[in-house]
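First the structure, in the form of structure tokens, and then the observations on it.
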Amino acid sequence: MRFIVFVLLLSLWDAESRQLPTNQPAGLAPGKVVVCYVSSWAVYRQEGGKFTIEDLDPQLCTHLVYAFAGLDAEKSVIKSLDPYNDLEEDYGKGNYKKMTALKNKYPHLTTTLAIGGWNEGSAKYSALAADPAKRKIFVESVVKILSKHGFNGLDLDWEYPGKRGGAPEDKANFILLIKELRTEMDKHGWILTAAIGAGKDTIEKAYDLPQISTYLDYIHLMTYDFHGSWDQKVGANAPLSSADPNDELSVEYSVDYLLSNGVAPGKLVMGIPAYGRTFNLKNPEAKEVKLGDPTQDTGFPGPYTKENGFMGYNEICAELGKDSSWEEWFDNTTKTQFARNEQKVISFDDANSIDEKVKLAMRKNLAGMMVWSVDTDDFRGECHQQEPYPILRAISKSMTASLEEIKKEKEKEPNAAVQSISVSFTLTIFMLLLHWNY
């Protein structure tokens, strides 16, 4: 009898004290994801902007997404958009396999291949999704390419069903495509994710939210590009909220819209931009600049990315650090950092704005955060002698702190209906000791 009691006590102690095993690096928040997109064309940037697979720090991410593969519309198969960079054939660099090989050293990693992106458009994906025979060929080709290069799954980045040359039927056909991919992914233990637009108009036209929540492992919400030089006025790239209750262009509105329309919070991943939007003021003589001030219809480029209206965070922090003429301020309504130098204005995310977004995501119990894209973070740590990847590090730090804060708040909440394991354990010991004595 005493032996049985001893075994029971030992089992209870083990249940009380056991930590679930994990191979996740210590800096990452347990149970949450940090999805890191890598834009493959960053390898062609000049000077300090050039980014290779060797520049990654896999300890800062749970998931790496290689962007992008494309669609061969004639053959209905997935294809490399840059064979020399992606593949090993014909003396190529083989970056597909370089990324997936990181799992050998960092076993916590999940690596996936993204197909689509803005430049791929929508029309050919619309035609593919509408045809059962083409879908079958496509799914088979996905299995082949993922198997060959060692990826753990596929990320769909069709921008966007029902728009940009798509058809009204895309919304339903997208679900058919996802279902068929899901069946094959499950056979191999792979994951299936999608990056989706955050604007309400896009969501309503493109996505059957309850269905995509059912069939996808994660939904990567692209909560950025809400405003830019195309508006011809100063705006926040990724505003957390808005002073106007009817404003649908904010991170919080998009997240709440998805959650209230059938998306499970544990599948939703909030996007964080590692870049900013740039503007040229129409009135450069203005002493103060505020949201809504008129601008020209094009912004200015950064030295590495060379795209009007766009600057990577690495370009922004370097520019602000070298030129003291920049004036910075934080907008408390949108939770956005701004900088101004004469006619130039930049809207971007920094550690403060990221902290606000992470807090919101964690309180809504979202799956985690997604970064577009790590190659425009300060991956070399050149700004103000900081550690590399300040954006990624800010995300992990905020996630850990937010979860700890939420945990402490819950511990303080009285709940007579729920007893902790430690109380149950103590009572069990007491009862067993009584039984032993009698």
In short, side-chain hydrogen bond (donor to acceptor under 3.5 Å, both in side chains) pairs touching residues 270-285 with sequence neighbours left out are Asp225-Tyr275, Asp225-Arg277
Is it true that [X] and [Y] have a side-chain N and a carboxylate O under 4.0 angstrom from each other?
X: Asp72; Y: Lys124; result: no
X: Asp375; Y: Arg45; result: yes
X: Lys50; Y: Glu47; result: no
X: Arg393; Y: Asp57; result: yes
X: Asp131; Y: Arg135; result: no

Using the test ring pair (Phe, Tyr, Trp, His ring centres under 6.0 Å), find all partners of [X] that sit at least two apart in sequence or belong to another chain.
X: Phe138; value: none
X: Phe226; value: none
X: Phe174; value: Trp158
X: Tyr313; value: none

Which residues pass the side chain to side chain donor-acceptor pair (under 3.5 Å) test with [X], sequence neighbours left out?
X: Lys136; value: Glu140
X: His63; value: none
X: Asn95; value: Asn85
X: Asp186; value: Arg182

Side chain to side chain contact (heavy atoms under 4.5 Å, CB included) partners of [X], counting only residues at least two apart:
X: Glu252; answer: Ser241, Ser250, Asp256, Leu360
X: Glu409; answer: Arg363, Glu405
X: Pro210; answer: Asp208

Does Lys344 count as lying over the ring of Phe300, i.e. NZ or CZ under 6.0 Å from the six-ring centre, within 45 degrees of the axis?
-> yes
